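The structure appears right after this line, and notes come after that.
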Amino acid sequence: MSRHPSTKWAQRSDKVYLTIELPDAKDVKLNLKPDGHFNFSAKGSDGMQYELDLELFSAVNAEESKAAVAPRTICYLVKKAESNWWPRLLKKEGKPPVFLKVDWDKWQDEDDEDAELGDDFGGMDFSKLNMGGVDRDDFEDEDEDEDEDDDDNVVDSANKEDEDPEAEGSKGEEAPAAAVGEAKP
């Protein structure tokens, strides 16, 4: 028996984002037909077979659609045949399947489409594909040295504050009772 992987979706007027969450997927098979029929199958790291069979709301341009298989997810950018907003992802009305969720990270309302920032990669969010970057561990030693210097400065300034009331009191001037911590009779 096969299972359904957790799947997220979001849309723009001209495309739909499908993100299938299946870490370490093997034997990934994707099929998108122009009528909007989408098939997915893969074997998960647990050895189970995972499948999706979705009938999308409207026709799509299968030739211009793209897929990216990453270690933790499979991202599919589905190009719509006509540029318009779909009221839902699936053709079938009613409650969507439990494994299908809205991708709020990529979601954009119809009213906000004009405010879209330029996305050179077709809107694909590569930040979640774990493609590397600066390793914070490389800089820890430098930060520790700077923190030690900062601590010394804090201690020096605190000591100066402690010395000021004593210095004033040694000149024969009387310090306010609240500053000394004693009440006058």
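Bear in mind that the values here come from a model prediction, so they are computed numbers and not experimental data. Counting from 1, the numbers follow the sequence of the chain as shown.
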- Item | Note, Tyr17 side chain near Cys75 side chain (heavy atom, < 4.5 Å) | no
- What do you reckon, are the aromatic ring centroids of Phe40 and Tyr76 less than 6.0 Å apart? no
- Query: What's the verdict on side-chain contact (heavy atoms from CB on, under 4.5 Å) for Arg12 and Gln108, showing C-alpha distance, side-chain angles and the deciding distance?
  - Reply: CA-CA 7 Å; Arg12 303 289 190 276; Gln108 186 177 48; 2.8 Å; yes
- Query: Side chains of Thr19 and Lys106: do they bring a donor and an acceptor to under 3.5 Å?
  - Reply: yes
- May I have all residue pairs that pass side-chain hydrogen bond (donor to acceptor under 3.5 Å, both in side chains) and include part of residues 88-98, sequence neighbours excluded? none
- Spacing of Arg72 atom CZ and Ile20 atom CD1 [to the nearest 0.5 Å]: 15.0 Å
- Minimum heavy-atom distance Val78-Ser65, with the two atoms named: CA-OG, 3.5 Å
- For Thr7, what residues pass the side-chain hydrogen bond (donor to acceptor under 3.5 Å, both in side chains) criterion, not counting sequence neighbours? none
- Heavy-atom pair with the smallest gap, counting every atom of Asp103 and Ala10: O-CB, 3.8 Å
- Message: Does anything in residues 73-87 form a salt bridge (Lys or Arg N to Asp or Glu O under 4.0 Å)? List the pairs, not counting sequence neighbours.
- Response: Asp14-Lys79
- For Leu89, all residues meeting side-chain contact (heavy atoms from CB on, under 4.5 Å), sequence neighbours excluded: Trp9, Val16, Leu18, Leu56, Trp86, Leu100
- Item | Side chain proximity check, Gln11 to Trp85, heavy atoms < 4.5 angstrom | yes
- Message: Taking the basic N atoms (NZ, or NE/NH1/NH2) and the acidic carboxylate oxygens, is any pair closer than 4.0 Å for Lys8 and Glu21?
- Response: yes
- Quick check: does any side chain N or O of Thr73 sit under 3.5 Å from a backbone N or O of Val69, one acting as donor and the other as acceptor? no
- Query: Within a strict 4.5 Å, meaning less than it, do heavy atoms of the Leu52 and Pro5 side chains meet?
  - Reply: yes
- Who are the ring pair (Phe, Tyr, Trp, His ring centres under 6.0 Å) partners of Tyr50, not counting sequence neighbours? none
- Message: So which atom in Ala67 and which in Leu30 form the shortest heavy-atom distance, rounded to 0.1 Å?
- Response: CB-CD1, 3.6 Å
- Task: Verify whether one side chain among Gln49 and Arg3 offers a donor that lies under 3.5 Å from an acceptor in the other.
- Result: no
- Item | Where at least one partner belongs to residues 23-40, residue pairs that pass side-chain hydrogen bond (donor to acceptor under 3.5 Å, both in side chains), sequence neighbours excluded | His37-Asp53
